[in-house]
Amino acid sequence: MSEALNVEEIFASKVFTLGKMKERLPRSVYKEVKKIMEQGGELSPAAADVVAKAMKDWAVENGATHFTHWFQPLTGITAEKHDAFVTHPDEEGRMLMEFSGKELIKGEPDASSFPSGGLRATFEARGYTVWDITSPAFLKEDAVGVILCIPTAFCSYTGEALDKKTPLLRSMEAVSQQALRIVRLFGNTEATKVVASVGPEQEYFLVDRAKYLQREDLIFTGRTLFGAPAPKGQELEDHYFGTIRERIGSYMKDLNIELWKLGVTAKTQHNEVAPAQHELAPIYETANIAVDHNQLVMETMKKVAGRHGLTCLLHEKPFAGVNGSGKHDNWSIGTDNGVNLLDPGDTPNENVQFLLVLACIMKAVDTHADLLRQSASDVGNDHRLGANEAPPAIISMFLGEQLEDVVKQLVETGEAAHLLEGGKLETGVSTLTDLEKDATDRNRTSPFAFTGNKFEFRMVGSADSIGSPNTILNAIVAEAFCEAADLLEKAEDFELAVHDLIKEYMTKHLRIVFNGDGYSDEWVKEAERRGLPNIKSMVEAAATLTTDKAVKLFEKFGIFTKVELESREEVTYETYSKSINIEALTMIDMAKKQILPAVIKYTKSLADTVIAVKEAGADTSVQTELLGQVSAKLAQAKAALVKLEKVEKEAAAISNAKEQAFFYKDVVFTAMGELRAPVDELEMLVDKDVWPIPTYGDLIFEV
Ligand code: ADP
Ligand code: MG
């Protein structure tokens with residue numbers, strides 16, 4: 001029997017929770033902190049000193065030697081710089097560990113070495129990290145010791161956001177303010193704010209670390225740049241929800257424990273569709289904390305993998321030919337007095353507040369489909385969105401049969417008199433209970449699906465921060481709420497006005513609703529007919545950030561300034577170019593130093609064989625034919641390599657960021673594909689013993 005694990009005891013043991021603050025802080029300070037967490041405001045310097053001391057004492061008791069302002073620059077991952085609590089020794093050489101309120105609240109990392117899209121020049125490098133009181137501090141423990149991590153926002157000297165958190169927090173305030181206006185219209189006077197909640201389902205791959213270390217492409221780029229398909233892929237559908245193998249199970253167990261200690265509610269685990277692919281989902285929480293926690297999940301996944309001789313691949317498409325990984329961003333909004341605005345109740349057709357919220361979301365998603373798509377773009381996700389794997393790059397909304405029917409009735413007649421019921425599920429087995437069915441089946445192909453009391457935004461990439469998608473969701477919904485409230489607050493006859501508005505929004509934006517197969521070619525044509533945008537790549541999506549429509553939206557709610565948006569567009573181009581450049585250089589390196597030399601050796605041994613066999617007087621037709629085939633592919637690969645080297649140099653020389661990114665996408669990326677094709681064919685032709693790197697079979701079936 002394994003020893004019982006006390007999950008209740010270890011949960012959040014490494015988090016400076018509200019509970020710990022209550023224990024350790026004077027009542028007045030605790031109350032001040034709690035009030036600011038809930039309602040905003042600034043902590044007085046005296047209170048900040050008290051909180052800092054309590055936090056430090058708790059951290060030191062738990063082995064901490066350093067603290068760090070933990071932040072989320074535009075790299076999409078987190079950044080930290082450690083400072084020890086040590087101070088000047090006194091006259092007698094004694095040192096007392098200290099941590100002040102000032103150090104808690106404000107940090108000053110050098111901002112010039114983080115992506116800023118021109119916002120920061122190296123000569124004016126000042127940047128600030130500012131304590132985010134709404135996300136709890138926690139302890140990270142690994143080989144470097146125990147570090148107190150303080151979640152912070154990261155801004156430039158002039159106040160521009162340089163990170164993913166600042167705009168997210170701004171968007172949460174915006175959606176809260178506007179949603180409050182909506183619930184007030186329906187007589188809710190108790191709610192003081194509306195909170196966006198998020199539950200991200202995280203997909204990942206695990207491969208054997210020793211094999212990983214033999215592949216430069218995995219090491220430098222996180223994905224395989226070469227690799228012929230294994231004889232078996234995912235066609236038998238035997239991996240999804242399959243029995244979890246021992247090695248993976250022991251990894252999952254460790255991962256859960258680490259996450260629980262960090263206060264992450266790791267809840268669901270299972271094998272995913274592709275071989276070696278898995279998923280973890282936590283319970284949803286406030287958007288801001290969910291974003292921080294998702295970063296911790298990704299980081300912990302990688303860290304724990306090392307302990308098991310594994311490597312965790314978070315890339316969106318580590319292997320061609322089998323599914324890649326995404327992140328389902330489950331999103332809802334609810335009042336602080338417990339009303340989920342996305343809960344339709346038993347009779348959605350009569351739930352006017354819900355219908356108004358739904359109409360507003362339809363309007364928001366239709367109006368800003370381009371921005372939503374942009375928010376889910378990263379370099380790796382280009383292999384999924386609009387490529388051979390879904391969800392497609394076209395944004396549409398799935399409502400399910402029951403709601404779609406309600407919407408259509410409203411559009412057609414202005415009334416939704418009846419409701420489709422789920423009915424009973426009859427299994428035909430007398431010993432099985434008949435279940436009440438959901439009124440709606442699932443649709444796995446929709447990028448934005450209503451799933452009962454939340455929307456599931458399924459486009460997000462597995463390696464990406466969920467900061468941007470949730471910022472956009474909050475922002476676009478805030479705008480739609482604001483416009484509705486502007487009208488309805490002035491209405492003389494509220495009942496009539498709300499009824500008309502729901503009908504108007506739903507009629508106007510019905511084109512965004514699609515319940516069919518989002519992966520089909522027919523949908524691509526149908527979407528085009530409906531005038532829905534189909535933005536195929538990250539670089540094409542970047543410009544959506546700076547359209548007049550986008551600038552107006554973000555400036556109105558103080559989420560981004562025009563300058564911040566321009567900087568983010570610029571960062572997108574730079575990130576894309578740099579990433580593809582690394583991929584191209586890695587391919588060149590592997591082809592030149594590993595693959596072509598191995599194949600050349602192989603042709604030599606084949607040629608030697610032909611000569612020897614001929615001398616011995618036997619038939620050499622098989623060997624000769626193989627030699628001919630291999631030599632032809634080798635020549636093709638060599639020519640493609642020369643071309644890739646040439647275009648990579650041309651790309652690197654382009655100075656305009658946008659032009660450069662497009663060149664990388666259209667020319668360099670294409671040349672990479674032209675090199676990969678003959679190399680993958682060679683892999684199928686030559687002796688396995690001479691192939692210099694582990695194959696797909698080795699990597700995803702032998703974990
Ligand atoms: P599904 O089966 O539809 O994927 P689950 O219940 O498994 O739904 O939930 C998937 C994720 O959605 C989990 O992280 C869960 O916590 C989250 N989730 C559930 N309800 C909400 C909600 N109201 N708001 C945001 N996320 C939610
Ligand atoms: Mg789901």
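All values below come from the heavy atoms of this structure, side chains included, with hydrogens, waters and symmetry mates left out. Just so you know, ligand 1 is whichever comes first in the structure, and atom 1 is the first atom listed for that ligand.
Scanning Tyr284, Trp331, Phe455 for the heavy atom closest to atom 16 (O) of ligand 1 points to Tyr284. The nearest non-hydrogen atom to atom 24 (N) of ligand 1, considering only Ser332, Ala290, Ser197, Ala281, comes from Ser332.
With Ser13 contributing its side chain and Ile10 its backbone, the two residues share a donor-acceptor pair below 3.5 Å. Ser446 places a side-chain N or O within donor-acceptor distance of the main-chain N or O of Phe448, the cut-off being under 3.5 Å.
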| request: Could you walk me through whether Tyr284 and Trp331 pass the ring pair (Phe, Tyr, Trp, His ring centres under 6.0 Å) test, one step at a time? | output: CA-CA 8 Å; Tyr284 67 97; Trp331 174 92; over 10 Å; no
- Could you please spell out the steps behind the side chain to side chain contact (heavy atoms under 4.5 Å, CB included) verdict for Val198 and Val291? CA-CA 8 Å; Val198 171; Val291 172; 5.8 Å; no
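Contacts between Glu201 and ligand 1, counted as non-hydrogen atom pairs separated by less than 4.0 Å, involve the side chain only. Proximity of Lys267 to ligand 1, defined as any heavy-atom pair under 4.0 Å, is not found for any part of the residue. By the criterion of a heavy-atom distance under 4.0 Å, neither the backbone nor the side chain of Leu342 is placed next to ligand 1.
When all heavy atoms are compared, the tightest approach of Asp378 to Met538 is C-SD, 3.3 Å.
Residue Gly199 approaches ligand 1 through these ligand atoms, each under 4.0 Å from one of its heavy atoms: 14 (O), 26 (N). Less than 4.0 angstrom separates some heavy atom of Asn340 from each of these atoms of ligand 1: 23 (N). Taking a cut-off of under 4.0 Å to the non-hydrogen atoms of Ile283, the atoms of ligand 1 that pass are 16 (O). For ligand 1 and Glu456, the ligand atoms under 4.0 Å from any heavy atom of the residue are 3 (O), 4 (O).
Identified under the salt bridge (Lys or Arg N to Asp or Glu O under 4.0 Å) test for residues 462-476, with sequence neighbours left out: none.
Under the 30°/60° scheme for interplanar angles, the aromatic rings of Phe241 and His270 are found to stand perpendicular.
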